[in-house]
Amino acid sequence: MPSNPEPTAPPSAMVVVAHPDDAEFMVAGTVAKWAKQGCEVTYVVITKGDKGSDDPEMTSERLTTIREAEQRAAGAVLGVRNYEFMGYPDGYLQHTLELRRDVTRLIRRHRPHVLLTFDPTNRFFSDNYVNHPDHRVAGDVALDATFPTARDRLTFPELLVDGYQPWKVRQIWLSGAEAPNVWIDISETIELKKKALLKHPSQLDPEVVQFADGWAKETGAAQGIPYAEAFRRFILEEDPISSV
Ligand SMILES: [Zn+2]
C-alpha cells in the first residue's frame, strides 16, 4: 500500500547510478520536487558512460566528456547541487571492495539522509528489457556501502585516517522495484523530468519524452496519481530532524 500522506522532502539525498542519464529516468521527478523544497541533492555517477555510442568516429574519451556535460545540464534543470563522477569504465562494473570503499567515501563525505539507487534484485522488467549489469552492480554496491559499511568505523579504517567519519543513512529508496511501497506525485515536475531527459542528446531521441510521460502515468494509475515515480523504501533510522 502507498504511504499516506506522501513523505516530505529530506534535508539531503544522494542518487547513486551507473551511467549519466540513469537518474533522469529513475528519479528526476522526485529529485526536482525535493530540490524545490530545499533538499540538497548529490548525484553519484559510477561509470563514465563511455560505451554508449555506435558512431565509428566516436572515442570513449570524447564520449566521457560529452556525457559528463549532459549529466550536469540535466541536473541543473532539476536543481541538483553536487556531482561525483567516479570514472569507472562503462559496461565492466563489478562489485569489488575497491568500488564499495569508493562509494562509502562519498556517502561519508556528503552525509545524505536518503540514498536512492537501483533495485539490484530486479533483473527482468518486461519481455523486452533485461536490466543492464552495471545497474545491478551499482544498486548492490550502493546498498552495501550504505549498510553497513558507511556506518561502521572499523570497516575501511583508511577512510577514517582520511577524515571520513561514519555516517548513518536514514532511508534507502530503490527505483525499479517489483514491490514498491512509496509513490511520489511528480505531476508538478514531470515537465522538468522531460526537459532533463532531453539534455542527453548523445543517448536519447526526442521521443523519450512520450516514453517518460506514459511511464509516469502508468506508475501512478493504480494509486490515483496523475504522474508518479515509485520506490521501495527502507527506513534504517528514524530521523528526529526530518519527517521523511
Ligand atoms: Zn544505465
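Treat the numbers as computed from the prediction; the structure is a model and nothing was measured. Position 1 is the first residue of the sequence; numbering continues from there. Counting starts at 1 for both ligands and their atoms, in listed order.
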Do any pairs count as a ring-ring contact (aromatic ring centres under 6.0 Å, His included) and have a residue in residues 51-100, sequence neighbours left out, and if so which ones?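 ring-ring contact (aromatic ring centres under 6.0 Å, His included) check on residues 51-100 returns no pairs.
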When the side chains of residues 203-215 are checked against the rest of the protein, which donor-acceptor pairs come out under 3.5 Å, sequence neighbours left out?
{"residue": "Gln203", "atom": "NE2", "partner": "Gly52", "partner atom": "O", "Å": "2.9"}
{"residue": "Asp213", "atom": "OD1", "partner": "Lys217", "partner atom": "NZ", "Å": "3.1"}
{"residue": "Asp213", "atom": "OD2", "partner": "Lys194", "partner atom": "NZ", "Å": "2.7"}
{"residue": "Asp213", "atom": "OD2", "partner": "Tyr227", "partner atom": "OH", "Å": "3.2"}

Is there a side-chain contact between Ser12 and Val114 (heavy atoms, below 4.5 Å)?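 Heavy-atom side-chain distance check fails, nothing below 4.5 Å.
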Is it true that Glu68 and Arg72 make a salt bridge, defined as a side-chain N closer than 4.0 Å to a carboxylate O?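 Yes, charged N to carboxylate O under 4.0 Å.
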Just jot down the salt bridge (Lys or Arg N to Asp or Glu O under 4.0 Å) partners of Arg232, sequence neighbours excluded, or say none.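 In terms of salt bridge (Lys or Arg N to Asp or Glu O under 4.0 Å), with neighbours along the sequence ignored, Arg232 is linked to no residue.
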Determine how many protein N/O/S atoms sit closer than 2.8 Å to the Zn ion (ligand 1), leaving waters out since they are not shown.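 For the Zn ion (ligand 1), the figure is 3.
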Start with the C-alpha gap between Arg67 and Asp21, add the side-chain angles, then the distance that decides, and say whether salt bridge (charged side-chain N to carboxylate O under 4.0 Å, His left out) holds. CA-CA 8 Å; Arg67 297 202 66 185; Asp21 81 2; 3.5 Å; yes
